[in-house]
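The figures here come from the full heavy-atom set of this structure, side chains too, leaving out hydrogens, waters and symmetry mates. For the single chain, residues carry numbers from 1 onward in sequence order. Quick caveat, the model's predicted, so the values are computed rather than measured. All ligand and atom numbering here is 1-based and tracks the order in the structure.
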Amino acid sequence: MFEPKIYIKRRDFLKKQMPSGLVLFLGNDESPMNYTANAYHFRQDSSFLYFFGLDTPGLAAVIDLDEKKDVVFGDDFEIEDVIWMGYLPTVQDRASEVGVKQTGPLKALGPMLKEAQEKGRAIHFLPPYRPENILKLQALLGIRPEEVKAKASPALIKAVVAQRSLKSDEEVAEIEKALKTTYKMYVTAMSMALPGIWEKDIAGRIDGLAIAGGGVVAFPTILSRDGQFLHNHSHKNRLKKGDLLVVDAGAQTPLGYAADITRTIPIGGKFTPAQKDIYEIVLKAQETAIKAIKPGVRYRDIHLQTARVIASGLKAVGLMKGDVEEAVLQGAHALFFPHGLGHMLGLDVHDMEDIGEGFVGYDEGIQRSSQFGLAYLRMAKELRAGHVMTVEPGIYFIPVLIDKWQKEGKFADFIAYERLARYRGFGGIRIEDDVLVTRDGRRVLGKPIPKTPKRIEEAVIG
Ligand code: GLY
Ligand code: MN
Ligand code: MN
């Protein structure tokens with residue numbers, strides 16, 4: 001974990017942003033895979049990690065905004081726990097490592113909250129996403145499970161989003177640590193991208209590298225020649241020369257910070273001319289987007305600028321037609337680029353999505369569009385120095401979507417349907433990097449991972 005003073009500073013800052021009352025943070029519990037003792041890899045709640053840093057199940061914490069005190073609640077391990085899982089310091093000792101002096105057993109949490117409720121004090125909490133925490137909030141606060149999310153505190157949501165959105169130097173350094181491991185994952189994937197190999201062989205190796213880096217994968221690895229499916233988690237195919245392999249993966253550091261990278265790799269190490277044409281469009285779109293990043297610019301405007309690069313590139317290769325501005329305005333490009341340009345990155349790969357995408361990526365100044373494609377844009381609002389963004393445009397040939405739109409005659413003025421037939425088995429191309437918004441522009445984080453066709457081809461062939 002970080003130094004105690006970092007957690008103290010974070011909590012003190014939050015206290016200044018909030019009105020009166022108590023702030024309740026519930027940590028996560030173990031989550032069973034198929035029976036209680038056989039749990040998934042434990043992942044602490046990210047806001048709990050951010051303010052309290054303690055990475056074990058069964059904890060909760062309260063910040064008393066009026067008395068300016070922090071309390072961590074948890075039960076010390078019994079001898080039986082130690083026999084099975086090894087020694088763990090007491091809750092008090094661990095709390096002191098994050099600058100919290102006061103601790104109590106879990107059974108003391110309920111009475112503290114009850115007393116506050118009886119005095120009419122506000123109890124602020126974030127929207128829960130795990131069923132057990134919804135039930136805990138019901139037991140602790142008497143709120144019906146179906147109403148718990150709606151009763152989350154807007155003041156706390158806004159304060160936490162504002163605070164966690166601006167990454168400190170030590171957080172950026174953590175993301176770069178995640179990227180260091182992710183670099184190894186990618187050069188390994190590229191070196192393995194030869195005909196005859198199975199997707200699962202590469203996926204197994206790169207996931208292993210995330211573990212060897214001291215953490216785990218930040219999200220389930222996407223690694224497939226069926227790159228036209230945006231978040232395809234199957235690794236069932238044997239790869240052959242000429243396949244395009246989309247790899248969207250990232251490591252998570254032991255402190256919980258994520259990397260999120262995508263590269264598209266030609267199996268056998270040579271892009272075909274048609275693949276290269278499309279690749280160059282995506283690359284140009286991604287580089288244009290990165291160059292446009294600076295404080296004060298709306299990410300939606302950069303998304304739309306990227307969409308125009310994609311549409312004009314597709315027009316140049318004969319797959320789109322007509323006026324590019326108009327095509328993008330109407331959303332015709334979304335046949336090929338149906339998702340958003342990117343999202344915030346931090347302790348979560350889609351940072352703070354649990355708290356509410358509407359608060360993270362949108363504000364009073366910008367509403368979510370309902371247009372297909374643009375509606376999926378996770379981040380639309382103005383960029384600020386300290387934001388860490390993913391930049392991840394793509395071009396995909398999704399046969400079911402092409403067929404549907406063609407049948408409906410949708411955007412027939414902008415899409416050259418007759419020329420799309422030979423792209424049906426093309427797959428997809430996405431390129432993703434992680435970018436820090438700086439005071440005067442941007443910095444692409446991490447050591448550069450091969451990205452131009454030439455560098456990728458070299459990385460495959462060696
Ligand atoms: N890795 C998931 C995403 O790029 O959003
Ligand atoms: Mn990704
Ligand atoms: Mn991403």
Side-chain angles (χ1 to χ4, degrees), residues 43 46 165 167 175-176 178-179 181-186 189-190 199 202-203 206-207 209-210 215-235 244-253 256-265 282-283 285-286 289-290 293 299-300 302-303 306-307 334 337-357 360-361 373-380 383 387-396 398 427-437 442 444-446 448-451:
R43 179 55 159 82
S46 294
S165 292
K167 271 62 182 182
I175 294 172
E176 292 210 279
L179 282 162
T181 303
T182 306
Y183 174 90
K184 290 187 195 153
M185 292 160 70
Y186 273 89
M190 288 175 190
E199 291 168 349
I202 309 178
I206 70 170
D207 283 11
L209 286 169
V216 284
V217 287
F219 54 93
T221 294
I222 297 160
L223 186 150
S224 175
R225 69 164 188 217
D226 288 322
Q228 70 278 16
F229 304 127
L230 308 181
H231 281 180
N232 173 7
H233 291 128
S234 148
H235 310 304
L244 271 184
L245 182 70
V246 171
V247 183
D248 181 343
Q252 177 186 293
T253 64
Y257 285 84
D260 184 13
I261 294 289
T262 306
R263 291 291 183 267
T264 305
I265 309 165
V282 181
L283 183 59
Q286 204 236 13
I290 290 173
I293 287 178
Y299 212 46
R300 180 152 81 191
I302 303 182
H303 170 90
T306 311
F337 175 34
H339 59 76
L341 180 60
H343 49 84
M344 282 197 190
L345 177 78
L347 277 165
D348 309 295
V349 63
H350 292 174
D351 210 24
M352 299 172 280
E353 202 160 289
D354 59 312
I355 306 180
E357 208 177 280
V360 178
L374 197 51
Y376 301 130
L377 182 60
R378 294 196 158 92
M379 171 74 179
L383 296 173
H387 287 167
V388 174
M389 301 302 309
T390 68
V391 186
E392 49 179 309
I395 293 180
Y396 312 88
I398 308 167
I429 291 175
R430 176 164 68 252
I431 307 173
E432 176 173 23
D433 283 306
D434 304 335
V435 178
L436 170 69
V437 185
R442 79 231 54 98
V444 180
L445 296 176
I449 296 170
K451 186 160 79 167

| Atom of Asp260 nearest the Mn ion (ligand 3) (restricted to N/O/S, atom name only) | OD2
| Counting distance only, does the side-chain N/O of Tyr299 pair as donor-acceptor with the main-chain N or O of Leu377 below 3.5 Å? | no
| said: Which of the numbered atoms in ligand 1 are under 4.0 angstrom from any heavy atom belonging to His350? | reply: 2 (C), 3 (C), 5 (O)
| task | Tell me whether the centres of the aromatic rings in His303 and Phe337 are closer together than 6.0 Å. | result | yes
| Which atoms of ligand 1 have any heavy atom of Phe219 under 4.0 Å away? | 1 (N)
| message | For ligand 1 and Arg378, I'd like to know whether there is a polar contact (N/O to N/O, distance under 3.5 Å). | response | no
| query | Name of the Asp248 N, O or S atom nearest the Mn ion (ligand 2)? | reply | OD1
| request: Check if Asp248 has a non-hydrogen atom at a distance under 4.0 Å from any atom of ligand 1. | output: yes
| request: For the pair His350 and Phe219, evaluate ring-ring contact (aromatic ring centres under 6.0 Å, His included) and give the outcome as yes or no after the intermediate values. | output: CA-CA 10 Å; His350 292 174; Phe219 54 93; 8.0 Å; no
| Out of the N/O/S atoms in Glu392, what is the name of the one closest to the Mn ion (ligand 3)? | OE2
| At a 4.0 Å threshold, what atoms of ligand 1 neighbour a non-hydrogen atom of Glu432? | 4 (O)
| said: Looking only at N, O or S atoms, which one in Glu432 sits nearest to the Mn ion (ligand 3)? | reply: OE2
| said: With heavy-atom distances below 4.0 Å as the criterion, list the atoms of ligand 1 near His343. | reply: 3 (C), 4 (O), 5 (O)
| Rounded to the nearest 0.5 Å, how far does CE of Met379 lie from OG of Ser165? | 7.5 Å
| Residues Lys167 and Asp351 bridged, charged N to O under 4.0 Å | yes
| query | Of the protein's non-hydrogen atoms, which lies at the shortest distance from atom 2 (C) of ligand 1, and what is that distance? | reply | His231 NE2, 3.6 Å
| For atom 4 (O) of ligand 1, what's the nearest protein heavy atom and its distance? | Glu392 OE1, 2.9 Å
| request: Give the intermediate values and the outcome of side chain to side chain contact (heavy atoms under 4.5 Å, CB included) for residues His343 and Glu357. | output: CA-CA 9 Å; His343 49 84; Glu357 208 177 280; over 6 Å; no
| field | Residues Asp348, Glu353; criterion side chain to side chain contact (heavy atoms under 4.5 Å, CB included); working and verdict | value | CA-CA 8 Å; Asp348 309 295; Glu353 202 160 289; over 6 Å; no
| message | Pair His231, Phe229 - check ring-ring contact (aromatic ring centres under 6.0 Å, His included), show working. | response | CA-CA 6 Å; His231 281 180; Phe229 304 127; over 10 Å; no
| Heteroatom test (N, O or S) for His343 near the Mn ion (ligand 3), limit 2.8 Å | yes
| message | The test is side-chain hydrogen bond (donor to acceptor under 3.5 Å, both in side chains); show your working for Ser224 and Asn232 and say whether it passes. | response | CA-CA 7 Å; Ser224 175; Asn232 173 7; 3.0 Å; yes
